[in-house]
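In what follows, a single structure is set out as structure tokens and then discussed.
These numbers come from a predicted model, not from an experiment. A note on names: the letters A, B, ... follow the listed sequences, proteins ahead of strands, and every chain is numbered from 1.
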There are 2 protein chains.
Amino acid sequence: MRISALAAEAGLPVATVKFYLRERLLHAGTATSATQAAYDESHVRRLRLVRALLGPVGLTVQQARTVLALVDEPGDDLYATLGRAVSALPPAAAPPGDASDPFPRARAALDTLGQVYDPDFPAVAQLEGALAAAESAGMPISAERLAHYGRVLSDVAEFDLARMPGEPHAAVEYTVLGTALYEPVMLALRRLAHQDAAVRRLRGDPPPVE
Amino acid sequence: MRISALAAEAGLPVATVKFYLRERLLHAGTATSATQAAYDESHVRRLRLVRALLGPVGLTVQQARTVLALVDEPGDDLYATLGRAVSALPPAAAPPGDASDPFPRARAALDTLGQVYDPDFPAVAQLEGALAAAESAGMPISAERLAHYGRVLSDVAEFDLARMPGEPHAAVEYTVLGTALYEPVMLALRRLAHQDAAVRRLRGDPPPVE
DNA sequence: ATGATTGGATAGTGCTACTCTCCAATATTA
DNA sequence: TAATATTGGAGAGTAGCACTATCCAATCAT
């Protein structure tokens with residue numbers, strides 16, 4: 001398969017495929033001569049993945065390159081790789097503040113939830129940023145709400161983790177893509193659940209008992 | 001308070017404040033002469049809100065203007081306003097497909113969950129896009145996972161809705177800002193719950209019983 | 001053998017969120 | 001009062017990003 005066939009298969013301009021090759025989002029084809037290379041099914045799949053990451057998921061080319069590199073080559077330490085890969089996904093994390101207590105809001109939150117607080121987890125910075133944003137916009141998150149969200153999302157995490165493949169390569173792909181692709185699904189479901197609940201209430205259905 | 005004091009208070013360059021004025025993200029001050037205007041505490045608060053929307057939440061100027069306009073002036077139909085405001089938030093929705101069944105994946109999903117399917121809910125298009133992205137990237141969402149996420153997020157929706165203020169103005173602000181600002185918190189909590197669960201397992205703690 | 005296609009490199013485009021520069025009118029300060 | 005600084009307002013400029021277009025010599029396809 002030559003580049004024009006590959007581009008047609010993926011529904012992309014040839015120039016864009018060349019761009020992804022240059023940016024190392026797509027592996028090179030096998031050269032058959034000085035000015036020709038052959039592409040196969042793996043390139044088609046990869047292009048679909050790249051489009052998903054750059055489009056709906058909303059990664060930058062830089063972020064996508066990082067994520068794809070980790071999926072391609074998970075290192076020896078699986079959990080470190082998972083952490084690094086997930087932290088390459090948006091949203092951007094908050095920069096650490098005061099050295100003695102860089103993420104005070106996140107620390108307090110995790111204490112409340114009874115979860116491990118480790119400032120080296122990239123998601124801690126992300127939580128700090130999100131809590132700080134809510135606070136600075138004048139809508140701080142109550143402890144009650146935090147506790148509720150935390151309970152619910154631990155539930156989701158257990159579900160996801162129970163389905164993680166054992167093989168490292170597959171585990172990284174599952175975790176990264178699961179995070180990148182399923183998070184938007186969760187958000188859409190939350191919004192729809194809001195609508196659904198609101199409509200039921202408008203119709204006069206009683207709110208569900210606790 | 002003059003513009004330079006306002007900018008200093010908010011920690012922004014004067015040029016940026018002027019830019020927000022021009023873009024109608026910030027209401028004008030009260031003119032005290034041809035070349036002077038006075039700003040007050042409401043401008044400081046608004047700037048904080050604008051920064052939160054443009055920064056951590058990741059809205060474009062256009063989207064922020066739409067959201068802020070609806071917060072400022074909720075119309076008569078509260079639920080329509082809520083829908084319009086929330087649909088101005090990212091991520092972008094999928095364009096409708098075939099006219100007879102524009103969002104097949106979302107329809108099937110909502111049927112499974114026993115929720116109302118109304119193609120006019122903007123979040124339906126968003127769900128369709130997210131499901132399509134997962135599918136095209138080679139990680140379609142199983143019915144089991146969908147059911148689980150749906151259950152969990154209905155729980156969140158009930159919690160949120162129970163705390164929505166009754167007064168329209170406040171309700172729009174609560175819903176829009178709650179969606180924009182709390183969603184990142186939820187995502188960070190999910191990632192942390194994953195880490196927490198993974199760490200516990202590494203330590204040899206038994207997985208929780210169902 | 002002749003026109004199309006290729007990989008590769010360089011430059012250009014369109015968009016966005018600022019940021020800079022100017023200006024005449026007005027404040028502030030010496 | 002005179003010199004200096006600041007203001008609101010408008011237009012142009014900038015930097016970053018994801019492409020997209022153009023060139024080129026080498027090589028295919030017919």
Side-chain angles (χ1 to χ4, degrees), chain A residues 1-40 43 46-68 88-92 133, chain B residues 1-40 43 46-68 88-92 133:
Chain A
M1 193 190 286
R2 290 172 301 178
I3 199 172
S4 57
L6 174 62
E9 187 85 12
L12 291 171
V14 172
T16 302
V17 175
K18 286 183 176 185
F19 172 68
Y20 293 159
L21 283 168
R22 232 178 308 144
E23 295 291 335
R24 284 175 299 137
L25 300 179
L26 179 65
H27 46 295
T30 55
T32 60
S33 83
T35 69
Q36 219 87 10
Y39 302 91
D40 58 28
H43 294 87
R46 180 59 162 251
L47 277 181
R48 274 204 268 271
L49 177 53
V50 168
R51 288 307 302 169
L53 292 179
L54 294 183
V57 175
L59 300 195
T60 66
V61 165
Q62 171 66 257
Q63 292 166 329
R65 182 163 44 230
T66 303
V67 167
L68 290 171
L89 301 176
Chain B
M1 195 191 287
R2 291 170 300 178
I3 198 173
S4 56
L6 174 62
E9 187 86 11
L12 291 172
V14 173
T16 301
V17 175
K18 287 184 175 184
F19 172 69
Y20 293 157
L21 284 167
R22 235 179 306 155
E23 294 293 331
R24 283 176 299 137
L25 300 179
L26 179 65
H27 46 294
T30 55
T32 60
S33 84
T35 67
Q36 220 86 8
Y39 302 91
D40 59 27
H43 295 85
R46 182 58 164 251
L47 276 182
R48 275 203 268 269
L49 177 53
V50 168
R51 286 309 301 168
L53 293 179
L54 294 184
V57 176
L59 299 195
T60 66
V61 166
Q62 171 67 259
Q63 291 165 330
R65 183 163 43 230
T66 304
V67 167
L68 290 170
L89 301 175

Table please: side-chain donor-acceptor pairs of residues 5-24 of chain B below 3.5 Å, with sequence neighbours left out.
residue: Y20(B); atom: OH; partner: R51(B); partner atom: NH1; Å: 2.6
residue: E23(B); atom: OE1; partner: R65(B); partner atom: NH1; Å: 3.0

Any residue of residues 32-39 of chain B with a heavy atom less than 4.0 Å from an atom of DNA chain D: T35(B), Q36(B), A37(B), Y39(B)
Residue list, salt bridge (Lys or Arg N to Asp or Glu O under 4.0 Å) with R46(B), at least two apart or on another chain: D72(B)
Set of residues satisfying side chain to side chain donor-acceptor pair (under 3.5 Å) with respect to T35(A), sequence neighbours excluded: none
Contacts of Q36(B) that satisfy side chain to side chain donor-acceptor pair (under 3.5 Å) - sequence neighbours left out: none
Between the first and last five pairs of the helix from dA1(C)-dT30(D) to dA30(C)-dT1(D), the angle of the axes, rounded to 10 degrees: 10°
Sorted by number, the residues of residues 14-28 of chain B with heavy-atom contact under 4.0 Å to DNA chain D: K18(B), R22(B)
For DNA chain D, the residues among residues 52-64 of chain B that have a non-hydrogen atom under 4.0 Å from it: none
Heavy-atom pair with the smallest gap, counting every atom of L54(B) and A64(B): CD2-CB, 3.9 Å
Summary of salt bridge (Lys or Arg N to Asp or Glu O under 4.0 Å) pairs that have at least one residue in residues 54-63 of chain A, sequence neighbours excluded: none
Every protein N/O within reach of nucleotides 1-3 of chain D N/O, cut-off under 3.5 Å:
none

Touch class at under 4.0 angstrom, heavy-atom based, for R51(A) against every strand present: sugar-phosphate
Closest contact, heavy atoms only, A52(A) versus A133(B): CB-O, 4.1 Å
Spatial distance of atom CG (L53(B)) from atom CG (L68(B)) [nearest 0.5 Å]: 5.5 Å
Straight-line distance of L59(B) CG to T66(B) OG1, nearest 0.5 Å: 9.0 Å
5' to 3' contact window, DNA chain C with chain B (heavy-atom distance under 4.0 Å): dA17(C) to dT28(C)
Minimum heavy-atom distance between A37(B) and G29(B), given as atom pair plus value: CB-C, 4.2 Å
